[in-house]
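Model, not experiment: these values are computed from the prediction.
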Amino acid sequence: MAKYPDVNMLKFRQELKKVNPSIDSGLTNKTFGKSSLQPLMAILNNVGGNATEVYKAIAALPTIKADRYKVGLKYLLKTYPGLNDFGIKFEDLRLSSTKETKAALYTQTPLPGNFNPENGKGQGQFVKPTSSLLNMSIVNYILSNPGTTGILLIHLGESNSVGMDQQFSGRTTLQHIQSVTRVARVMGCPICVLSMAKSGQEHLCETLQAEYNQFANNKRRVVHEPKYHTATNQQEMLNFLASRSEIVVMGFDATICVFANVFGSAEPMSLANAQYRPPLITFANLLMSRATLVTKGPLNCKTASLGADEYGPLFMLG
């Protein structure tokens, strides 16, 4: 906890004045002409202010204001005591508000009695959760709900996977995933990596491995399943899913691996148990964003039984 040093505050306000010479009036007015930066300034002037509050205040700014004061806000992120130690960037907090970057929430749903993910001729019966598109990014959701949110990375062992370089709001899918992992780490969220790595392969691509390594040891885990897409037959995965009521799912390939994990797949519990492994949506509420799902092109519907509901609002992104 610390008050923003006066010397830095002076420079910060100078940067604000370069784009808005009358900013001082807006920072002091209580009603008419009130600046959207007032909550942020209150934190900076408070000896009890902290990094989390600063991040939240920047993320909450209207897009037009954040863009207008971008130079000053970037300076703030570099100079607020302890803030730069976390490696959070302005771009991590400020995503353009488009359908592709918004979070979609899928509600935890019990396994239906007709669950049969054998998808011959597209007729498989999967779990069909209700879903809604939230008016916020996954990063904003984590900032507001750090104690209930966990992060699951699915099959992200290669940075050159098809679709990883696809851009949404000027940033690649890989960069969007990085933003989520950075903020999740700072907010104390646990992270789990589902890996299909074969002998000699890494569980994560180099870029994401670097992010993963910065999580505390008791906040990170790898669930290794080299033969199947899913791993809800493993206790380590079940322990992770039980630790949080909301799980952010990011991974490759969105129309195959993510689909199998979220909605169901015809994969047995074991060689001795032919029961299908239950999908993730039966354990927790799930959050996904098109910008953090790796695939080239549209989120195609693969089953007649799901239709356009396969990815709820995400499917409508094309």
Checking the side chain of Gln38 only, and the main-chain atoms of Gly26 only, is there a donor and an acceptor separated by less than 3.5 Å? yes
Ignoring hydrogens and angles, tell me if any N or O in the side chain of Ser179 forms a donor-acceptor pair with the backbone of Gln175 under 3.5 Å. yes
Q) Can Val186 and Tyr55 be said to form a side-chain contact (heavy atoms from CB on, under 4.5 Å), step by step? A) CA-CA 10 Å; Val186 171; Tyr55 288 140; 3.8 Å; yes
Output for pair (Met164 CE, Phe252 CZ), nearest 0.5 Å, gives 8.0 Å
Report task. Indicate yes or no for a side-chain donor-acceptor contact from Thr232 to the backbone of Pro278 under 3.5 Å, with no hydrogens or angles considered. Result -> yes
Query - Gln108 vs Thr282, side-chain contact (heavy atoms from CB on, under 4.5 Å): CA-CA, chis, key distance, verdict - result: CA-CA 5 Å; Gln108 181 179 359; Thr282 64; 5.8 Å; no
Please indicate whether Gln201 has more than 12 foreign heavy atoms, meaning atoms of other residues, nucleotides or ligands, lying under 6.0 Å from its CD.
-> yes
Margin query: If we ignore hydrogens and angles and just use 3.5 Å, is the side chain of Asn20 paired with the main-chain N or O of Leu16 as donor and acceptor?
Written below: no
Kindly indicate whether the side chain of Met41, heavy atoms from C-beta on, has any atom under 4.5 Å from the side chain of Ser35.
-> no
### Query
Do the side chains of Ile58 and Leu27 join up, straight or via other hydrophobic residues, at under 4.5 Å, putting them in one cluster?
yes
Nearest heavy-atom approach of Gly150 to Arg244 is N-CG, 3.6 Å
query: For the side chain of Arg277 and the backbone of Ser265, is there at least one donor-acceptor N/O pair under 3.5 Å apart?
result: no
Nearest heavy-atom approach of Met288 to Val249 is CG-O, 3.6 Å
So do the side chains of Asn8 and Asp6 get within less than 4.5 Å of each other, counting heavy atoms only?
no
- Message: Test salt bridge (charged side-chain N to carboxylate O under 4.0 Å, His left out) on Arg220 and Glu211; report intermediate values, then the result.
- Response: CA-CA 11 Å; Arg220 64 186 189 186; Glu211 301 289 350; over 6 Å; no
Task: Side chain proximity check, Thr101 to His176, heavy atoms < 4.5 angstrom - done: yes
Q. Hey, are Thr79 and Tyr4 close enough side-chain-wise for a donor-acceptor pair under 3.5 Å?
A. yes
Item to complete: Please tell me if the side chains of Leu287 and Ile247 come closer than 4.5 Å, counting only heavy atoms from C-beta onward.
Response: no
Rounding to 0.5 Å, atoms OG1 (Thr107) and CD1 (Ile281) come to a distance of 7.0 Å
To the nearest 0.5 Å, atom CD of Glu225 lies from atom CD of Glu267 at 7.5 Å
Flag for Asn46-Lys3: side-chain donor and acceptor within less than 3.5 Å: no
Is there a side-chain contact between Asn239 and Arg221 in this structure, where contact means two heavy atoms from C-beta onward sitting under 4.5 Å apart? yes
Scanning both residues in full, the closest heavy-atom pair of Pro226 with Ala197 reads CB-O, 4.0 Å
Ion pair check, Arg13 and Asp24, cut-off under 4.0 Å
yes
Practice problem: Would you please test Ser137 and Asn140 for side chain to side chain donor-acceptor pair (under 3.5 Å) and show each step? | Solution: CA-CA 5 Å; Ser137 68; Asn140 286 58; 2.8 Å; yes
*asked:* Do Leu111 and Leu280 land in one hydrophobic cluster if side-chain heavy atoms of ILVMFWY residues count as linked below 4.5 Å?
replied: yes
NZ of Lys78 to CZ of Phe90, rounded to nearest 0.5 Å, is 12.5 Å
(message) Quick check against the 3.5 Å criterion: does Arg94 have a side-chain atom that pairs as donor or acceptor with the backbone of Ala59?
(response) yes
**Prompt:** Does a sphere of radius 6.0 Å around NZ in Lys56 hold more than 12 heavy atoms from other residues, nucleotides or ligands, not counting ones at 6.0 Å or beyond?
**Reply:** yes
Next item on the list: Using the rule that two of Ile, Leu, Val, Met, Phe, Trp, Tyr join whenever any of their side-chain heavy atoms come within less than 4.5 Å, decide whether Ile151 and Met136 are in one cluster.
Entry: yes
Smallest heavy-atom separation, Thr173 atom then Val294 atom, equals CG2-CG2, 3.7 Å
| said: If we ignore hydrogens and angles and just use 3.5 Å, is the side chain of Thr292 paired with the main-chain N or O of Ser289 as donor and acceptor? | reply: yes
Can Leu194 and Leu153 be said to form a side-chain contact (heavy atoms from CB on, under 4.5 Å), step by step? CA-CA 6 Å; Leu194 176 57; Leu153 304 182; over 6 Å; no
* Tell me yes or no: between the side chains of Thr295 and Asp253, is some donor less than 3.5 Å from an acceptor? => yes
Of all heavy-atom pairs linking Ile142 and Ala184, the shortest is CG2-CA, 4.1 Å
Shared hydrophobic cluster, Met196 / Tyr212 (ILVMFWY, side-chain heavy atoms < 4.5 Å):
no
Give the C-alpha distance, both sets of side-chain angles, the deciding distance and a yes or no for salt bridge (charged side-chain N to carboxylate O under 4.0 Å, His left out) between Lys18 and Glu15.
CA-CA 5 Å; Lys18 287 179 182 179; Glu15 293 296 337; 3.3 Å; yes
| Common cluster, Val162/Val258, ILVMFWY with side-chain heavy-atom separation under 4.5 Å | no
Using only heavy-atom distances, determine whether the side chains of Asn145 and Thr148 contain a donor-acceptor pair under 3.5 Å.
no
Check your understanding: Do Val262 and Pro279 have side chains that get closer than 4.5 Å, going by heavy atoms?
Key -> no
Between Gln209 and Leu204 the two heavy atoms that sit nearest each other are OE1-CB, 3.5 Å
Is it true that the side chains of Glu246 and Thr149 contain a donor and an acceptor less than 3.5 Å apart? no
Check: Distance under 6.0 Å and angle within 45° of the ring axis: does Arg290 meet both against Phe168?
Finding: no
Check: Do other residues, nucleotides or ligands put more than 12 heavy atoms under 6.0 Å from Lys198 NZ?
Finding: yes
*asked:* Please check this pair: side chain of Ser270 against backbone of Asn273, looking for a donor-acceptor N/O pair closer than 3.5 Å.
replied: yes
Angle class for the Tyr276/Phe115 ring planes (parallel below 30°, perpendicular above 60°, tilted otherwise)?
perpendicular
request  = Report yes if some heavy atom in the side chain of Phe263 is under 4.5 Å from a heavy atom in the side chain of Pro129; otherwise report no.
outcome  = yes
| query | Taking everything shown except Asn160 itself, do over 12 heavy atoms lie less than 6.0 Å from its CG? | reply | yes
Q | Working for side-chain contact (heavy atoms from CB on, under 4.5 Å), residues Leu208 and Leu174 | A | CA-CA 8 Å; Leu208 294 178; Leu174 179 57; 3.8 Å; yes
Before you tell me yes or no, could you show the steps for Glu91 and Lys70 under salt bridge (charged side-chain N to carboxylate O under 4.0 Å, His left out), namely the whole-Å CA-CA distance, both residues' side-chain angles and the distance that decides it to 0.1 Å? CA-CA 10 Å; Glu91 291 77 12; Lys70 178 165 58 177; over 6 Å; no
* Does a side-chain heavy-atom distance below 4.5 Å link Ile154 with His229? -> no
